[in-house]
Q: 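Can you read through this structure? Questions will come right after.
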Amino acid sequence: MKNIVTFFDMSLKRNWFSIILAIALGVLLCVMQESFGSNFNTAFREMKVAIIDQDKSALSKQLISYLKEEIGMQIDTGKSYEAYSNELLNRELSAIIEINKNLQNDLVAQRTIVPIQVTTINNYANEAFIKAYIEVYMESVEVLGATSGGDSKRFEILIEEMQAGHHGLELISASETMIERYTAGIGFKLTQGFYLNFIFYIGLIIGLMIVTDHVEGTLRRIQSTPMRPMEYILGIALYALIVGSISAVIYIGYLGFKQSDVGLPFWMVAYLLLVFVLIVIGISMICSFIVKTKVGVVFSIYGAGCMAAILGGAYFETNMAPEFMRSLAKIVPHYWYMECIRGMQERGSYNPMGALIILGLYALFFMLLGTVLFNKQLTTNE
């Protein structure tokens, strides 16, 4: 234990500036969360949206009427998805809303409803607003679906009465709290995508430190002492984990102060942030024990981080990629990190334990592999 603390102390003294970088990263995450998650205003009410109604039911017509008459959106219908996509790309539309076929039938029959799709181009605030109002409308009519007893005709009568306010069941108004929940969730998801890249600064520090120890003969001197390789690994890992924790504490503290509902409990956010620090530590050790030059270590560590982030869907969902790319994405920890976040935010029945365990196993595997490579290097130097 004493030797682990010694290596930790040495690492911290050699890289004191990493504390400043950790604080800067924590502040940057807070700024990104605020920028991505809270940049919205009520001007969205006047935006123009296209609606593709594949259901053409009384429910879908009432939903369109609600968005147009009650919310005040400018609604365009009747064109193809391709035509609307071009208008969206040309910024002539703010969003495309796709109402799925059998929406009313599924709701009346109490079956699982396929979510209504909302497509925007980097307009996350408007997307959050639209989804919030659609969700509260659907929550209102789900009560009518249960009341109708599976009878579509009765459901249509009930929904007309609701629209007219004849039986006292009024539409739920989308509250500021609900809108903030959506935007906070979107901000968190985008911020975490960038975090998976930024946190590799710790990996660069560790990698350069290990290469320097190799070049200056520190690793050879360890062989003549009672210190064990695992103590060297754990000392450096403890240093990196504490430095990484500074950013995590600042970011989670900000979320707590703002009372942001990001779709995940704070303990899970803390676990994700810190377990990925361990993964970065393991990857960096592996690279530095294999590539023994400073330039090579920098390129290998940061290159691995950037490529894995892109492959694992840190910046975009992997369902947009070809089938073989979706399968390949599952081999990198970034995929399971973002899968946990998206699953918790978007799928009510999602169980995150699988992804959390897989991330823990990645961290353990990389750390053990780093230890094995370190032992091998010491043996080679003998």
Q: What I'd like to find out is whether the side chain of Val280 reaches to under 4.5 Å of the side chain of Ile206, using heavy atoms alone.
A: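 Val280 vs Ile206: side chains apart.
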
Q: For Lys294, enumerate each residue passing the salt bridge (Lys or Arg N to Asp or Glu O under 4.0 Å) test, keeping only those at least two apart in sequence or located in another chain.
A: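 Lys294 satisfies salt bridge (Lys or Arg N to Asp or Glu O under 4.0 Å) with no other residue.
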
Q: Show every side-chain hydrogen bond (donor to acceptor under 3.5 Å, both in side chains) that has at least one partner inside residues 107-116, sequence neighbours left out.
A: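 As it turns out, the side-chain hydrogen bond (donor to acceptor under 3.5 Å, both in side chains) pairs with a partner in residues 107-116, which skip direct neighbours, are Asp106-Arg111.
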
Q: Measure the spacing between CD1 of Ile286 and CE of Met367 and express it to the nearest 0.5 Å.
A: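 Between Ile286 CD1 and Met367 CE, I get 9.5 Å after rounding to 0.5 Å.
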
Q: Connecting only ILVMFWY residues whose side-chain heavy atoms lie within less than 4.5 Å of each other, what is the rest of Leu364's hydrophobic cluster?
A: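 Under the 4.5 Å side-chain rule, Leu364 groups with Leu368.
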
Q: Which atom names give the shortest non-hydrogen contact between Ile130 and Val49, and what distance separates them?
A: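 Scanning both residues, the minimum pair turns out to be CD1-CG1, 4.1 Å.
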
Q: Rounded to the nearest 0.5 Å, what separation is found between the CD1 atom of Ile113 and the CG atom of Leu59?
A: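 One finds 8.0 Å between CD1 of Ile113 and CG of Leu59.
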
Q: Only counting residues at least two apart or in another chain, list the ones meeting salt bridge (Lys or Arg N to Asp or Glu O under 4.0 Å) with Glu87.
A: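 Partners of Glu87 by the salt bridge (Lys or Arg N to Asp or Glu O under 4.0 Å) criterion, ordered by chain and then number, come out as Lys79.
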
Q: Is the ring pair Tyr133/Tyr66 parallel, tilted or perpendicular, if the boundaries are 30 and 60 degrees?
A: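 Rings of Tyr133 and Tyr66: tilted, 30 to 60°.
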
Q: Quick check: closest heavy atoms across Asn100 and Pro115, and the distance to 0.1 Å?
A: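 Residues Asn100 and Pro115, closest heavy atoms: ND2-O, 2.8 Å.
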
Q: Please check: side-chain N/O of Ser300 versus main-chain N/O of Gly296, any donor-acceptor pairing under 3.5 Å?
A: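 Side chain of Ser300 to backbone of Gly296: a pair is present.
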
Q: Determine whether Ile96 and Thr120 satisfy the following criterion, side-chain contact (heavy atoms from CB on, under 4.5 Å), listing intermediate values before the conclusion.
A: CA-CA 7 Å; Ile96 300 174; Thr120 62; over 6 Å; no

Q: Flag the pair Ile202 / Ser284 as yes when at least one side-chain heavy-atom distance between them is below 4.5 Å, and no otherwise.
A: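 No - every pair of side-chain heavy atoms lies 4.5 Å or more apart.
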
Q: Should Leu241 and Leu272 be counted in the same cluster of Ile, Leu, Val, Met, Phe, Trp and Tyr side chains packed under 4.5 Å apart?
A: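 In one cluster with Leu241: Leu272, yes.
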
Q: For Leu107 and Phe155, run side-chain contact (heavy atoms from CB on, under 4.5 Å): C-alpha distance rounded to whole Å, both residues' side-chain angles, the deciding distance at 0.1 Å, then the answer.
A: CA-CA 10 Å; Leu107 187 142; Phe155 173 78; 3.5 Å; yes

Q: Please report the closest heavy-atom contact between Ile246 and Ala22, naming both atoms and the distance.
A: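 Heavy atoms of Ile246 and Ala22 come nearest at CB-CB, 4.0 Å.
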
Q: Are side-chain heavy atoms of Phe289 and Thr371 found at a separation under 4.5 Å?
A: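 They are not in contact (no side-chain heavy atoms under 4.5 Å apart), so the answer is no.
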
Q: Let me see the working for Gln62 and Tyr137 under side-chain hydrogen bond (donor to acceptor under 3.5 Å, both in side chains), right down to the final yes or no.
A: CA-CA 10 Å; Gln62 292 288 9; Tyr137 182 87; 5.1 Å; no

Q: Less than 4.5 Å apart, side chain to side chain, heavy atoms only: is that true for Met338 and Leu196?
A: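 Met338 reaches Leu196 side chain to side chain.
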
Q: Are Cys340 and Met268 close enough that some pair of their side-chain heavy atoms sits under 4.5 Å apart?
A: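 When only atoms from C-beta onward are counted, Met268 and Cys340 do touch, with a gap below 4.5 Å.
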
Q: Restricting to side-chain hydrogen bond (donor to acceptor under 3.5 Å, both in side chains), what partner residues turn up for Tyr195, sequence neighbours left out?
A: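 Checked Tyr195 against side-chain hydrogen bond (donor to acceptor under 3.5 Å, both in side chains); zero matches.
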
Q: Could you state the interatomic distance from CD (Glu142) to OG1 (Thr147), rounded to the nearest 0.5 Å?
A: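 OG1 of Thr147 is found 11.5 Å from CD of Glu142.
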
Q: Go through the structure and list residues passing ring-ring contact (aromatic ring centres under 6.0 Å, His included) with Tyr302, not counting sequence neighbours.
A: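 Expected list: none.
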
Q: Which residues end up grouped with Leu361 if you chain together Ile, Leu, Val, Met, Phe, Trp and Tyr wherever their side-chain heavy atoms are less than 4.5 Å apart?
A: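 Joined to Leu361, directly or through intermediates: Ile357.
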
Q: Go through the steps for Gln104 and Glu156 under the test side-chain hydrogen bond (donor to acceptor under 3.5 Å, both in side chains), then give the verdict.
A: CA-CA 9 Å; Gln104 178 173 311; Glu156 292 175 7; 3.1 Å; yes

Q: How close do Ile20 and Trp16 get, counting heavy atoms only, and between which atoms?
A: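 For Ile20 and Trp16, the tightest heavy-atom pair comes out as CD1-CZ3, 3.8 Å.
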
Q: Which distance, rounded to the nearest 0.5 Å, do you find between the CD of Gln192 and the CG of Asn197?
A: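 Going from CD on Gln192 over to CG on Asn197, the span is 12.5 Å.
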
Q: Under the ring-ring contact (aromatic ring centres under 6.0 Å, His included) test, which residues partner Tyr84, sequence neighbours left out?
A: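 With sequence neighbours excluded, Tyr84 shows a ring-ring contact (aromatic ring centres under 6.0 Å, His included) to no residue whatsoever.
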
Q: Is the shortest heavy-atom distance from the side chain of Ser245 to the side chain of Leu274 under 4.5 Å?
A: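 They are in contact (side-chain heavy atoms under 4.5 Å apart), so the answer is yes.
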
Q: Just so I know, are the side chains of Tyr271 and Phe266 near enough to count as touching, which here means a heavy-atom distance under 4.5 Å?
A: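 Side-chain contact under 4.5 Å: no.
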
Q: Would you kindly confirm whether Ile283 and Leu328 end up in one hydrophobic cluster when ILVMFWY residues are joined by side chain heavy atoms under 4.5 Å apart?
A: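 Result: yes, single cluster for both.
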
Q: What are the two closest heavy atoms between Gly263 and Gln345, and how far apart are they?
A: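 In this case the closest contact between Gly263 and Gln345 is CA-CG, 4.3 Å.
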
Q: Do any N or O atoms from the side chain of Trp336 and from the backbone of Leu356 form a donor-acceptor pair under 3.5 angstrom?
A: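 Between the backbone of Leu356 and the side chain of Trp336 there is no qualifying donor-acceptor contact (under 3.5 Å).
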
Q: Applying side-chain contact (heavy atoms from CB on, under 4.5 Å), run through Lys258 and Glu34 and close with a yes or a no.
A: CA-CA 10 Å; Lys258 295 282 289 187; Glu34 183 70 23; 3.5 Å; yes

Q: Considering residues at least two apart in sequence or located in another chain, which fulfil the side-chain hydrogen bond (donor to acceptor under 3.5 Å, both in side chains) criterion with Glu98?
A: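 Listed in chain order: nothing, the list is empty.
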
Q: Hydrophobic clusters join Ile, Leu, Val, Met, Phe, Trp and Tyr when side-chain heavy atoms are under 4.5 Å apart, directly or via other members; which others share one with Val295?
A: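 Members other than Val295 - counting any ILVMFWY side chain reachable under 4.5 Å - are Phe299.
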
Q: Hey, quick one: are Phe198 and Leu278 part of the same hydrophobic cluster, counting side-chain heavy atoms closer than 4.5 Å, chains of contacts allowed?
A: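 Yes, same cluster.
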
Q: Residues in ring-ring contact (aromatic ring centres under 6.0 Å, His included) with Phe366, at least two apart?
A: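 Counting only residues at least two positions away or on another chain, Phe366 forms a ring-ring contact (aromatic ring centres under 6.0 Å, His included) with Tyr362.
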
Q: Starting at CD1 of Ile52, measure out to CG of Asp76 and round the result to the nearest 0.5 Å.
A: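 Output value for this atom pair is 10.0 Å.
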
Q: With no hydrogens and no angle check, is any side-chain donor or acceptor of Asp53 less than 3.5 Å from a backbone partner on Lys56?
A: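 Pair found, side chain donor or acceptor close to backbone of Lys56.
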
Q: Determine whether Ile51 and Val114 fall in the same hydrophobic cluster, where Ile, Leu, Val, Met, Phe, Trp and Tyr are linked whenever their side-chain heavy atoms lie under 4.5 Å apart.
A: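 As far as the 4.5 Å side-chain criterion goes, Val114 and Ile51 are not connected within one cluster.
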
Q: Taking everything shown except Phe257 itself, do over 12 heavy atoms lie less than 6.0 Å from its CZ?
A: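 Check fails, neighbour count at 12 or below.
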
Q: On a heavy-atom basis, which atom in Leu88 and which in Leu93 lie closest, and how many Å separate them?
A: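 Where Leu88 meets Leu93 most closely, the heavy atoms are CD1-O, 3.5 Å.
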
Q: Apply side-chain contact (heavy atoms from CB on, under 4.5 Å) to the pair Cys287 and Val297, showing each step before the final yes or no.
A: CA-CA 6 Å; Cys287 291; Val297 163; 5.5 Å; no

Q: Could you check if a side-chain atom of Ile279 sits within less than 4.5 angstrom of a side-chain atom of Tyr337, using non-hydrogen atoms only?
A: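 With C-beta onward as the side chain, the pair stays apart.
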
Q: Do Phe365 and Ile281 sit in one hydrophobic cluster, given that two such residues count as connected whenever their side-chain heavy atoms are within less than 4.5 Å of each other, even indirectly?
A: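 Linked within one cluster.
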
Q: For Ser18, give me all partners under side-chain hydrogen bond (donor to acceptor under 3.5 Å, both in side chains), at least two apart in sequence or on another chain.
A: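 In terms of side-chain hydrogen bond (donor to acceptor under 3.5 Å, both in side chains), with neighbours along the sequence ignored, Ser18 is linked to Tyr239.
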
Q: Kindly compute the distance separating OH (Tyr254) from CD (Gln33), expressed to the nearest 0.5 Å.
A: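 Separation between the atoms: 6.0 Å.
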
